[in-house]
Structures are given as C-alpha cells and as structure tokens.
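Report on the following structure.
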There are 2 protein chains.
Amino acid sequence: MSLPHAILTALLEKPSSGLELTRRFDRSIGFFWSATHQQIYRELGRLEGEGLVRASGPGAGRGQRKEYEVLPAGRERLREWVGQAQDPKPIRDPLLLRLRAAAVLGVDGLGEELARHRELHRAQLAEYLEIERRDFPPERAETENRLQHMVLQAGIQLESFWLAWLDQALEQD
Amino acid sequence: MSLPHAILTALLEKPSSGLELTRRFDRSIGFFWSATHQQIYRELGRLEGEGLVRASGPGAGRGQRKEYEVLPAGRERLREWVGQAQDPKPIRDPLLLRLRAAAVLGVDGLGEELARHRELHRAQLAEYLEIERRDFPPERAETENRLQHMVLQAGIQLESFWLAWLDQALEQD
DNA sequence: GAAACCATGTAACACGTTACATGATTTG
DNA sequence: CAAATCATGTAACGTGTTACATGGTTTC
C-alpha cells in the first residue's frame, strides 16, 4: 500500500505530470521507493478515480501532457496513512539467499560478484554523500528539514553497512 | 525469481513437506526470504511440473502429506542462478517514505512509532545474537559454515544499524 | 465424538516487471 | 520531412497477500 502514498507525497512536494513523477522516482523519492512509469500512470488513474488528485491540461488521452495536483481528500488520506502503525518488514535480499545456496551447493566462486556489489554500493554511497554536502551543509540550521536529513542519513548508513560487510566477506574469501 | 531458488535451497538442506517448508520460512530461511504457505504450495507445484523436484508419499490431494526432494535438474538450475550476476535492489522502506510524507505534511507525532520499531529491532537483534551464540561459538573453527555465519552477521549488523539510527532519530525528536 | 492440529489446496486481488503501442512536439 | 524526444498509455505475466475451503489424525 505504499505506492499511492509515495505519489501523493511527491505531488504535494510539487505538482507534476506522469513523466516528471517518473523522473523523480528515478532520483530522490526513488532512493527508497522506486516505481516504473507504467505503475505510476496506473496509480494516477486510480487516485483520480478516487477523487484524491485532480488532473489539469488538454486532458484527452495519449501524448497530451496532464498535470496532477493533490486534492484535500488526498492530503487527508496521506495523513491517515502516516499515522498508522506498520511493522517493519523482514529483510528480503537475494544476495544473502545466494550465499546460502552457495553454501549448500558447495560453490565458492562468488568473489567477483561480491566485488561487483561492493563497487555499486561504493558509488551509491558517494552519490548520497554528494547530496548531503549540497543540501545539508553544516552551517545550515536543522529545524525544518530535519526529517529529510534523517532519511538521507539512513541511506548513507545502510550503504556504509553493505560496504563494510562486503569488505569483511571478501577478506575471508 | 528468488522464491523457487529459496525453496530448492531449503529442500537441498533437508527434504520436507510443504508445511515443514512453511515453518522453516518462518525461521531460518525466512530471516532473509519469507513466504506464506500459499506461495510455497503454488511454487512446489510448478517445480514438480518442471521436473526440478520430486514428491513422494500417498500423493493424492488434500490432507495427504507429501515429501519433496530436489532432482539433479533442480540442483543444476540452482547452481546456474547462483552464478548469475544480479544487481542489488535499491532500498524499499515504508518507514522512510512515511518520514518524508510527515515532512511534507508538517506532521511530527511519529515518536511513538519510531520507539515501537526500535523495540522490534531490538528483539530481532537479540534473536540473531542468540542464534550466533548457539550455532557459531568462538571455539569452533570456521571453514565449512563460513558462508552461513556471514549471512547471519549481515542480519546482526543490519538490525544494529536500525537500532542506532532509530536512537539517533528519537534523540532529535 | 468434538476439538485441536496437521496438511494441502483454491480464488481473488494487489503490486511489480517487461514488452510493446501511440500520439504530440521539437530540432536538424 | 525525418529523427529524436516528450508524453501517455495497454497487455501480459510473475510474484505476494488475504481469505477461505477441505480432508486426515490425534487427543481428551
């Protein structure tokens, strides 16, 4: 049940067309909730049907840009969702599963793949740190954007964890 | 494409019935790849249809226990999957999304929810540490079960990350 | 023999992924 | 006007979730 709420959040930050939303789901929001344009158009249709968002623009079908904005009912819906208790989901990671499979098969040629993942996590960490440097410089007082910074730090610390863990794993290899 | 491979891995570790598999997906394997019994039965049917596993036992339909074991073709299929390159998925976390939504809504009553999550992560960390104490005592030489221990340590370190991050978040609150 | 539990399954739906289709606008 | 790009959409399928259905075995 997260995608519609992710879209409402993104539209509250800035009213957008479907394609603009898609681009933002490749960057900022997408860092912790990704979605393809197909998912986004489908969900925008539903949200409009429920009266939670409103489209303006030429309107008719294909090729015509439509801009969506959140209606009061949509804001209310999002507020309810934010207030609900939701348990954290257990870890779901194919790499850990592959290690377990490798263990039972007696395979040990995973070093290259681990190194490749380390490189990808290193790059992602660098990107997050660059964003932090740009958007959260130390001199800026943190009151209004405290929550945004916390979210970014979660990303930074998670990538740091993977880097450290993969280093550890490769040492043993 | 992970569930069938998770099942093949579990069945290689120990041939089982659907219900036994379900129980193991609530514990060990489930710590990083969970599944419900409905998913498991559906997938066992497919794996049998593809000739990757074999069922023995009374056989006919409801209420009759069937035991599944992996066939050579299944082992080969798993080996191929383990060897494939697969990129890590970006983070997908509803809690981070909720923080971002709270930021744009101007809501700040998330302290209780953060504290609740901290307690859940604390409990999970304790469980992992207990498993480590039991299954990987320091005196035991680590050669054969090195991979299993690495996977467990990923779980431990991830839970530790969440605990530290939530502490940090609650301090600021 | 009723209740609890073991065991396997169906159905419907929500969500995510991949491939493809179509129209409008800009740029060389 | 051809190509590239912007923009919206359909279709099909795989996976995950929730609710419900059915039969067999043990235990009181």
Euclidean distance, atom [atom1] of residue [X] to atom [atom2] of [N] [Å, nearest integer]:
X	N	atom1	atom2	value
B:Tyr41	D:dA19	OH	P	19 Å
B:Leu44	D:dT15	CG	P	14 Å
A:Arg46	D:dT10	CZ	C1'	14 Å
A:Leu21	D:dG9	CG	C1'	15 Å
B:His5	D:dG14	NE2	C1'	14 Å
A:Gln64	C:dG23	CD	P	12 Å
A:Arg65	D:dC6	CZ	P	12 Å
B:Trp33	D:dG16	CH2	P	6 Å

Indicate yes or no: does B:Glu119 engage B:Arg116 in a salt bridge with an N to O separation below 4.0 Å.
no

Check this for me: does any side-chain nitrogen of one of A:Arg65 and A:Glu20 sit under 4.0 Å from a carboxylate oxygen of the other?
yes

Looking at [X], does any N or O in its side chain come under 4.0 Å of the phosphate oxygens OP1/OP2 on [N]?
X	N	answer
A:Gln39	C:dT17	yes
B:Arg92	C:dG16	yes
A:Lys89	D:dG16	no

Counting any heavy atom closer than 4.0 Å, what does B:Ser17 reach on the DNA or RNA strands: base, sugar-phosphate only, or nothing?
sugar-phosphate

Would you mind telling me which residue lines up with the more 5' stretch of DNA chain D, B:Glu43 or B:Gln38, judged by nearest nucleotide?
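The residue whose closest nucleotide sits nearer the 5' end is B:Glu43.
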
Could you check which of C:dG9, D:dA7, D:dG9 has an atom nearest any side-chain atom of B:His37?
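Nucleotide nearest to B:His37's side chain: C:dG9.
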
If Ile, Leu, Val, Met, Phe, Trp and Tyr residues are connected whenever their side-chain heavy atoms lie under 4.5 Å apart, and connections chain through other members, are B:Leu166 and B:Leu120 in the same group?
no

On DNA chain C, does the nearest nucleotide to B:Tyr68 precede the nearest nucleotide to B:Arg23 from the 5' side, or the other way round? Give the residue.
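The residue closer to the strand's 5' end, by nearest nucleotide, is B:Arg23.
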
Residue mapping more 5' on DNA chain C - nearest nucleotide basis, A:Arg42 or B:Glu20:
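Nearest-nucleotide comparison on DNA chain C picks B:Glu20.
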
From B:Tyr128, B:Phe161, B:Trp165, B:Trp162, residue fulfilling ring-ring contact (aromatic ring centres under 6.0 Å, His included) relative to B:His121
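When ring-ring contact (aromatic ring centres under 6.0 Å, His included) is applied between B:His121 and each of B:Tyr128, B:Phe161, B:Trp165, B:Trp162, only B:Trp162 qualifies.
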
Would you check if A:Gln153 and B:Gln168 make a side-chain contact, meaning some heavy-atom pair closer than 4.5 Å?
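Touching, per the 4.5 Å side-chain cut-off.
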
